[in-house]
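I have placed the structure first, in the form of structure tokens, so that the comments after it can refer back to it.
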Amino acid sequence: MRENVKMLEFPQRGDDRGHLVIVEGLQDVPFEIKRIFYIYGSDSDIVRGQHANRRSEFVLINVAGKSKVKVKDGKGNEAIFSLNRPHTGIYLPKMIWKDMYDFSEDSVLLCLSSEHYDGSEYIRDYNEYVKEVAKGDVHE
Ligand code: TYD
């Protein structure tokens, strides 16, 4: 069964020395982590993302500051999630359109991915994405 977009809560092992949050592949996120990257220094009026991935799944965590993610499924459904706690993340399965925006000045958005980078699995044209979603349904 394909998993859906959902918020994840990670285990915390903080103590009087400070906070500690744990994210383990295949345990706290539903895939093996092959790549991490992080985004910071984006102005509040910048929109990032604006693509879907044919193969990559992601978990996004604002480890500092906050941002928002708008997701679309290419069939007319969309939702907006606020990322503002270091111990929560959003899971994004493959073939989900995502926009990241409303970055706070101190935002550090950590992205975990199930795949190594491959530019050819990114769909950056929304009309093309909708077409591929429709095609995918026929074959499923
Ligand atoms: P891009 O996908 O546009 O970033 P965002 O999703 O935040 O809008 O990536 C910006 C550039 O960095 C683009 O030229 C591709 C490159 N890039 C890599 O080489 N490896 C990576 O893992 C990522 C995420 C991007």
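Indexing begins at 1, ligand by ligand and atom by atom, following the structure's order.
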Are the side chains of Asp73 and Val71 in touch, meaning some heavy atoms are under 4.5 Å apart?
-> no
What pairs with Lys6 under salt bridge (charged side-chain N to carboxylate O under 4.0 Å, His left out), at least two apart in sequence or on another chain?
-> Glu3
Which N or O atoms of ligand 1 sit under 3.5 Å from a protein N or O, and how far apart is each pair?
| unit_1 | atom_1 | unit_2 | atom_2 | d |
| --- | --- | --- | --- | --- |
| ligand 1 | 2 (O) | Arg124 | NH2 | 2.9 |
| ligand 1 | 4 (O) | Arg48 | NH2 | 3.3 |
| ligand 1 | 6 (O) | His51 | NE2 | 2.9 |
| ligand 1 | 7 (O) | Arg48 | NE | 2.7 |
| ligand 1 | 7 (O) | Arg48 | NH2 | 3.0 |
| ligand 1 | 8 (O) | Gly49 | N | 2.7 |
| ligand 1 | 22 (O) | Arg35 | NH1 | 2.5 |

Leu83 versus Met100: any side-chain heavy-atom pair under 4.5 Å?
-> no
Determine, using ring centers only, whether Phe81 and Tyr91 are less than 6.0 Å apart.
-> no
To the nearest 0.5 Å, tell me how far Trp97 CH2 sits from His51 NE2.
-> 8.0 Å
cation_pi(Lys72, Tyr129) dist<6.0 Å, angle<=45 | no
